[in-house]
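Heavy atoms only: backbone and side chains are in, while hydrogens, waters and symmetry mates are out. Chain naming here is simple, since letters A, B, ... match the order of the sequence lines and numbering starts at 1 in each.
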Number of protein chains: 2
Amino acid sequence: MALEKKIDCVILGLLSHEDLTGYEIKKRMDTTLRYFWGASYGSIYPTLSDLVSRGLAVKHDGTENGRTKIIYSITEDGRLYLKEWLKAPAEKDEMRYETLLKLFFGNEGGASQAISHINAFKDKIERELTYLLGAEDILKKNLDRDDTHKYYLLTAQFGIKTYRAYLEWCEEAKTMLCKGEE
Amino acid sequence: MALEKKIDCVILGLLSHEDLTGYEIKKRMDTTLRYFWGASYGSIYPTLSDLVSRGLAVKHDGTENGRTKIIYSITEDGRLYLKEWLKAPAEKDEMRYETLLKLFFGNEGGASQAISHINAFKDKIERELTYLLGAEDILKKNLDRDDTHKYYLLTAQFGIKTYRAYLEWCEEAKTMLCKGEE
DNA sequence: AGATTATATATCATAGTGATATATTTGTCA
DNA sequence: TGACAAATATATCACTATGATATATAATCT
């Protein structure tokens with residue numbers, strides 16, 4: 001029933017912490033947020049214009065090293081809008097795992113193909129886990145600096161927990177598939 | 001780089017097991033597949049027409065209890081198309097968890113609000129876990145009947161593993177947030 | 001000097017959602 | 001047995017978001 005577009009809320013959320021350019025927002029999406037949310041340029045730039053026209057953000061031109069950029073800040077109205085959205089219960093948590101999909105139809109391709117999908121998945125998750133453990137370390141060291149770090153840490157730890165569970169499952173799944181191969 | 005639309009592949013995957021109507025496909029999506037993939041009527045019906053026009057599926061009218069329905073079957077070309085897609089490595093596994101998003105920006109709303117988001121998440125996951133454990137039980141009993149059940153079981157066990165990890169995280173996250181509240 | 005990578009903004013065709021409309025049949029329960 | 005709700009079944013549409021691409025400048029590497 002909520003009328004808030006997610007992309008509006010994510011961008012306002014990021015702007016509630018610091019002023020950012022569209023490019024910087026995309027970088028946050030691809031690093032910090034990518035474990036549970038994504039966004040593309042095709043939604044970021046139009047949304048920024050839209051937020052400005054609705055008075056939820058303001059833009060001002062900046063120059064850094066001769067390069068010009070457009071820096072966006074959240075307004076008081078934007079902060080109110082964000083808080084309203086944060087109050088409302090989460091509407092949807094969903095996974096979209098192509099690996100699982102290929103595994104579900106795995107009988108069509110056979111066990112060895114399924115195992116190679118699991119191995120590729122495992123490699124990817126191991127890499128992500130290494131990154132997240134590094135992030136956790138840094139966040140723990142900065143916990144008392146700023147209250148926001150506590151919440152960042154929480155989401156990083158969610159990723160660590162689930163990725164470890166994934167890795168356990170990978171081993172069990174491979175064992176089960178190998179048993180069938182004999 | 002792969003040109004296959006996911007929705008084409010999911011539907012062909014389902015049709016590779018049994019003939020289905022659009023309505024039945026939607027039901028599979030909302031029950032068996034919902035833990036790792038979703039699809040709406042708005043993509044299912046147009047895709048079915050499209051698959052027929054490309055020769056990857058055929059439709060035939062059926063009647064059951066006086067009610068008419070359109071039943072779709074996969075063709076040999078459709079099966080080939082599916083197998084090609086299954087061979088290719090998975091391109092994207094992504095989570096889109098609004099709960100995590102609200103938690104990431106949690107400082108704006110405060111600890112008690114964050115805790116109620118976690119509690120709602122926990123309740124939802126507990127319900128899903130109960131369902132998945134029931135499904136696992138049934139699948140285990142039918143393991144020797146049909147090879148496809150092995151792959152279904154694998155994906156159910158993925159869900160069980162991860163949901164248990166989520167529940168562990170919920171407790172730890174709440175503990176951490178309560179500590180800050182004192 | 002030349003090439004590559006990073007910064008920065010923007011647009012567009014296409015994919016997919018969520019809501020809604022429509023109609024029939026089955027089940028419930030008073 | 002009549003009324004009403006729920007399930008079955010198909011379809012469409014406005015809107016949201018992606019992924020690819022285009023363009024241009026600054027920094028870095030060799």
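- As judged by a 4.0 angstrom heavy-atom cut-off over every strand, B/Gly42 is placed among the base-contacting residues.
- Atom-to-atom, NZ of B/Lys6 to C1' of D/dG19 comes out at 12 Å; the value is rounded to the nearest Å.
- For A/Lys69 and D/dT25, the shortest distance from a side-chain N or O to OP1 or OP2 is not below 4.0 Å.
- Remark on DNA chain D: of its neighbouring residues B/Tyr41 and A/Asp8, the 5'-side contact belongs to B/Tyr41, judged by nearest-heavy-atom nucleotide.
- A close approach under 4.0 Å does occur between a side-chain nitrogen or oxygen of B/Lys92 and OP1 or OP2 of D/dG19.
- In this structure, the nucleotide among C/dA10, D/dT16, C/dA15 sitting nearest to the side chain of A/Ile70 is C/dA10.
- Side-chain N/O atoms of A/Thr21 include one lying less than 4.0 angstrom from OP1 or OP2 on C/dT9.
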Scan nucleotides 4-6 of chain C against the protein and return all N/O pairs shorter than 3.5 Å with their distances rounded to 0.1 Å.
none

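- Between B/Lys87 and B/Glu84 there is a salt bridge, since at least one side-chain N of the basic residue sits less than 4.0 Å from a carboxylate O of the acidic one.
- Judged by a 6.0 Å distance limit and a 45° cone about the ring axis, B/Lys26 is positioned over the six-membered ring of B/Tyr41.
- Residue A/Arg96 has no polar side-chain atom (N or O) positioned under 4.0 Å from OP1 or OP2 of C/dA15.
- Using cut-offs of 30° and 60° for the angle between ring planes, the A/Phe104 and B/Phe36 rings count as tilted.
- The existence of a salt bridge linking A/Glu18 and A/Arg28 is confirmed by a sub-4.0 Å separation between a basic side-chain nitrogen and an acidic carboxylate oxygen.
- Taking 4.0 Å as the cut-off between side-chain N and carboxylate O, B/Asp93 and A/Arg96 do not count as a salt-bridged pair.
- D/dG19 atom P lies 12 Å from atom CD1 of A/Ile7, rounded to whole Å.
- Residue contacts for A/Ser43: at a heavy-atom cut-off of 4.0 Å it reaches a base atom on one of the strands shown.
- A cation-pi geometry, defined here as NZ or CZ lying under 6.0 Å from the six-membered ring centre and within 45° of its normal, does not hold between B/Lys161 and A/Tyr166.
- A cation-pi arrangement is absent between A/Arg127 and A/Tyr163, since the terminal nitrogen or guanidinium carbon is not both under 6.0 Å from the aromatic centre and inside a 45° cone about the axis.
- Among the nucleotides D/dT16, D/dG19, C/dG18, the one closest to any side-chain atom of B/Ser40 is C/dG18.
- One end of the helix from C/dA1-D/dT30 to C/dA30-D/dT1 points its axis 40° away from the other end's axis, with each axis taken from 5 pairs and the angle rounded to 10°.
- For the pair A/Thr148/A/His17, a side-chain contact is recorded, criterion being any heavy-atom separation below 4.5 Å from C-beta on.
- Identified under the salt bridge (charged side-chain N to carboxylate O under 4.0 Å, His left out) test for residues 38-51 of chain A, with sequence neighbours left out: A/Asp50-A/Arg54.
- What separates CD1 of B/Ile44 from C1' of D/dT10 is a distance of 11 Å, to the nearest Å.
- Comparing atom distances between the A/Tyr45 side chain and each of D/dT16, D/dT12, C/dA8 picks out C/dA8 as nearest.
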